[in-house]
Amino acid sequence: MARYTRVKGSIALITLTNPPVNALSAAVRRGIVESVSRALKDEQVKAVVFCGENEKFCGGADIKEFSGSVSGPPLVPMIHSMEAGEKPMVAAIEGVALGGGLELALGCHYRVANTKARLGLPEVTLGLLPAAGGTQRLPRLIGIPAALELITTGRHVSAQEALQLGMVDQVTEGNAVQAAMELALSVIGHPLNPCRLSLRAPVWAPDVDGVCDAALAQVKQRSRGVMAPVACVQAVRAAAMLPYGKGMERERQLMDTLFRSGQAQAMQYAFFAQRNAGKWILPNRAQWNNTKAREVQRAGVIGLGTMGQGIAVSLVKAGISVVAIETDTKQLEWGKKAVTAMLQRDAQRRGVSPPLHLLTFTLSFHQLRDVDLVIEAVFEDMNLKKRVFSDLCKVLRVNALICTNTSGLNVDELAAVTDRQPLVVGMHFFAPAHVMKLLEVVYGSRSSPEAVATAMALGKRIGKVCVTVGNCSGFVGNRMLKLYLDQSVYLLEEGATPEQVDQALEEFGFAMGIFKVGDLSGLDVGWRVRKASGLIGPDVDPVKPSRWRLGRRYCPLPDMLCQQGRFGQKTGRGWYLYDSPGSKEAKSDPEIQNFLEDYRRKYGIIPRRITSQEVIERCAFILANEGFRILEDGIAAGPEHIDVIYLFGYGWPRHRGGPMFYASQVGLSVVLEKLEHYHRVHPDVPSLEPSRLLRRLVAEGSPPIQQWKSHIKNLRSHL
Ligand SMILES: CCC/C=C/C(=O)SCCNC(=O)CCNC(=O)[C@H](O)C(C)(C)COP(=O)([O-])OP(=O)([O-])OC[C@H]1O[C@@H](n2cnc3c(N)ncnc32)[C@H](O)[C@@H]1OP(=O)([O-])[O-]
């Protein structure tokens, strides 16, 4: 829909009306085509201004339409006829001009933006390229290097940066529509050809080929195996080398390939999955839009280890006062130094002063008496956490929330030691907590909807992607991770090396293989957890530790590594070798090869050749299999919630959608068949046995992920 009004006698104002972001749906495109034609025919009209309702210019093409059959007027000829029109057209950009929205503005002869507006071509993040002329017009406006950077990253720029780049003609602090109308009146009668970007030659750049080659190398390294950034570079190269018409043809060809690709489907699924996860819903049907969150102005953080430091930094950056507690002066000083340094670095980068006045560092729990909420981030030890929880109840206001950052302990058991079970929830951050986007909000059996709403709102306020999850060992993310880790070390036992496994995972799209991640996070962390859970104890033979524990296969390799003091990057040695403790560049270590060979010899294992395909199947399908069990247990509300957790917390590649989407895309019957095969070969690994839900879905015809909710009773999915 587009509203046509005549203003100031001679201006046609065309308002895009498709809340919430005025996406260019078929109806909007139809409205624009009709309105432009009317404006061009009306002799009283001397200029045209485009704007969006509710101070949002346009969020781009309607992504929901991409999965159906495309109808309505296509964007390319629509924008072309605007540009070719014989009356000046001005875009009044407020809020956002993204994707097709910016391409529409580039088809106008002039652009005016409000200071708060953001502009960009984020199609690459949806597995596409800006195929409504964006790859051809933007380089002609701002030059090849700047266009390459914006189009291959999908980065949004501020109005001020857009002005510096030359993307807009004017920036106003006031109403962009008023300013655009004034500009429109002032340019009536001016020649339009210089403002028609399709008629311009691209802004000249020395060594265009070299610039494009460098961009190609960069995107290939940054987003290994992802098609869209490569296609973006190819399209911009065409803008530099070919006349406009031929460049448009190239843009269309490249888009045709991307549009049909599984990668684009995965990335568009990820876009909606992220938004769906914010619309949380509990088993009792309390949900995001019927539950009020409490306001949080003051928070306590207990424990200033790595997690506590990151949590404190995230809260303070969002303007929340923090009382940070440690048990002894040395730890407190250490934590204070680290938190202050992080905030100072961040403030310096952003050219502002660090909000240190919001921080209180203390050894005294009494300072917590007027906080609204506490996040406990002490050692992962149930008894210690219980002590902290009962001590907190002695000082906190009766209505203050108590949240635990446990990565997998029983939230109900912790809540039981408090005087306020409904006000206890898990807030599981991921390390480093001020950087990682994911937050699992764990509801216990007694957690109140209000407590969940408050934790979700707080998470959103500090910039996290929040997902509600039920209470079980490891919640969603770590429950699945444990089995994935198990598979990776079983692969080593059977003949693979850490390098082989990591390479296969990196080629699949993970930024880092699982062994490199282990070295980065510290191998001692899991070792401590295994000791606490009774998997390692005095009865384990130190010379030839058992490969069978608690009734299933167990791989002692990670424990043996830790016994040698190989904790990863922090000790300079882990699955890989590092130049010195703390350095980041992982190098193959011949000692690890010998260690693995000795190990196999000791246990009589005959190594075999392991293919990348097997690595991916065993790692990815074990994740999906456990995901199905999690859905069966009602721990996650829908498959998209599991996928969001893996995308934002565990580095799952976005162009593969998430483990559940990947399983759906590969085909559930294929996943079932592979799991059956691997379980037959490894009967001592019960987690490889296909889940009941997977079997049922296959029996019911392997429906695509969007239809699972009609097959699974307890799903609370918005897909
Ligand atoms: C030839 C083709 C070439 C062109 C290709 C393109 O243009 S590709 C497109 C290039 N454009 C982009 O990639 C921009 C994508 N969008 C964004 O980046 C952000 O939504 C935002 C910055 C516009 C607003 O952020 P915010 O935090 O204020 O709000 P929010 O993010 O929560 O969204 C609110 C609601 O709007 C919905 N929705 C949003 N956009 C679209 C859309 N284009 N379509 C449909 N729906 C869209 C969103 O799902 C949500 O719906 P819900 O859950 O309420 O039912």
Side-chain angles (χ1 to χ4, degrees), residues 16 18-29 32 52-68 70-80 93-107 116-138 150-151 153-158 228 231-232 235 248-260 264-265 267-281 287-289 437 456 460-461 463-466 638 640 644 654 717-719:
L16 314 190
N18 183 18
V21 301
N22 300 318
L24 294 164
S25 63
V28 172
R29 299 196 305 276
I32 295 174
E53 194 153 72
N54 295 332
E55 297 174 9
K56 278 195 187 114
F57 183 71
C58 177
D62 188 339
I63 306 165
K64 288 191 194 91
E65 285 185 352
F66 291 169
S67 52
V70 184
S71 65
L75 272 179
V76 170
M78 179 188 97
I79 294 174
H80 183 74
I93 300 171
E94 299 199 300
V96 287
L98 298 174
L102 179 57
E103 291 175 296
L104 181 96
L106 293 173
K116 296 206 182 101
R118 284 182 297 144
L119 296 83
L121 292 173
E123 286 87 340
V124 69
T125 64
L126 298 168
L128 303 173
L129 55 74
T135 65
Q136 303 305 299
R137 286 197 178 90
L138 193 64
L150 289 191
I151 292 172
T153 61
R155 183 168 74 85
H156 300 184
V157 298
S158 66
C232 286
M248 286 299 286
E249 236 171 76
R250 183 82 180 114
E251 183 188 87
R252 188 184 50 72
Q253 285 163 355
L254 290 163
M255 179 65 157
D256 282 351
T257 309
L258 293 180
F259 199 78
R260 288 192 303 269
Q265 283 166 20
M267 291 166 100
Q268 287 156 32
Y269 162 85
F271 175 85
F272 288 115
Q274 182 183 345
R275 278 146 188 90
N276 285 346
K279 295 178 188 154
W280 57 273
I281 171 166
Q287 60 186 44
W288 62 286
N289 57 359
K437 294 291 274 182
M456 288 295 280
K460 190 169 176 195
R461 183 168 160 200
K464 302 297 175 199
V465 175
C466 310
E640 75 274 33
V644 168
R654 202 172 170 85
S717 165
H718 299 287
L719 279 180

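Indexing begins at 1, ligand by ligand and atom by atom, following the structure's order. Quick caveat: nothing in here was measured; it's all calculated off a predicted structure. The figures here come from the full heavy-atom set of this structure, side chains too, leaving out hydrogens, waters and symmetry mates.
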Atom 35 (C) of ligand 1 has as its nearest protein heavy atom P20 CG, 3.4 Å
Answer yes or no: does an N/O atom from E103 fall short of 3.5 Å to an N/O atom of ligand 1? no
Polar contact flag for L126 and ligand 1 (N/O pairs, less than 3.5 Å): no
K116 (side chain) donor-acceptor with E94 (main chain) under 3.5 angstrom: no
Going by the order shown, which atoms of ligand 1 are within less than 4.0 Å of some heavy atom of D62? 44 (N), 45 (C)
Would you say G101 and ligand 1 have an N/O pair spaced under 3.5 Å apart? no
Suppose we measure from atom 46 (N) of ligand 1 to each protein heavy atom; which comes out shortest, and what is that distance? K64 NZ, 3.9 Å
With a 4.5 Å cut-off on side-chain heavy atoms, are V76 and E103 touching? no
Could you tell me whether the side chain of Q268 reaches within less than 4.5 Å of the side chain of F66, counting heavy atoms only? yes
Would you please determine whether H718 falls within less than 4.0 Å of ligand 1 on a heavy-atom basis? no
Yes or no, since that's all I need: does a protein heavy atom fall within a distance strictly under 4.0 Å of atom 40 (N) of ligand 1? yes
I'd like to know if the side chain of Q136 and the backbone of E251 have a donor-acceptor N/O pair within less than 3.5 Å. no
Apply salt bridge (charged side-chain N to carboxylate O under 4.0 Å, His left out) to residues R252 and D256 and explain how you reach the verdict. CA-CA 6 Å; R252 188 184 50 72; D256 282 351; 3.2 Å; yes
The option among G59, G99, G60, P19 carrying the non-hydrogen atom nearest to atom 11 (N) of ligand 1 is G59
From R250 CZ over to L129 CG, what is the distance, rounded to the nearest 0.5 angstrom? 10.0 Å
Counting only heavy atoms on the protein side, is anything nearer than 4.0 Å to atom 54 (O) of ligand 1? yes
Are the side chains of V28 and D62 in touch, meaning some heavy atoms are under 4.5 Å apart? no
Where do C58 and N22 come nearest, in terms of heavy atoms and distance? SG-O, 3.2 Å
Nearest non-hydrogen contact to atom 52 (P) of ligand 1 from the set R275, K460, M267, K279 belongs to K279
Which option out of V21, T135, I63 puts a heavy atom nearest to atom 44 (N) of ligand 1? I63
Considering F259, F271, F66 one by one, which has a heavy atom nearer to atom 16 (N) of ligand 1 than any of the others? F271
Taking distance alone, with no angle check, do H156 and ligand 1 share an N/O pair under 3.5 Å? no
Give a yes or no on this: more than 12 heavy atoms of other residues, nucleotides or ligands lie within 6.0 Å of atom CD of E55. no
Tell me: protein heavy atom nearest atom 43 (N) of ligand 1, and distance? A61 O, 2.9 Å
What's the spacing between L24 CG and L16 CG if we round to 0.5 Å? 6.5 Å
If we count only non-hydrogen protein atoms and require a distance under 4.0 Å, does atom 29 (O) of ligand 1 qualify as touching the protein? no
For atom 18 (O) of ligand 1, grab the closest protein heavy atom and report residue, atom and distance to one decimal in Å. L98 CD1, 4.0 Å
Looking only at protein heavy atoms, which one is nearest to atom 49 (O) of ligand 1, and how far off is it? F272 CE2, 3.5 Å
With a sphere of 6.0 Å drawn around NE2 of H156, does it hold more than 12 non-hydrogen atoms of other residues, nucleotides or ligands? yes
If we number the atoms of ligand 1 from 1 as shown, the ones under 4.0 Å from a heavy atom of P122 are 11 (N), 12 (C), 13 (O)
Without swapping roles, check the side chain of E640 against the backbone of F272 for a donor-acceptor pair under 3.5 Å. no
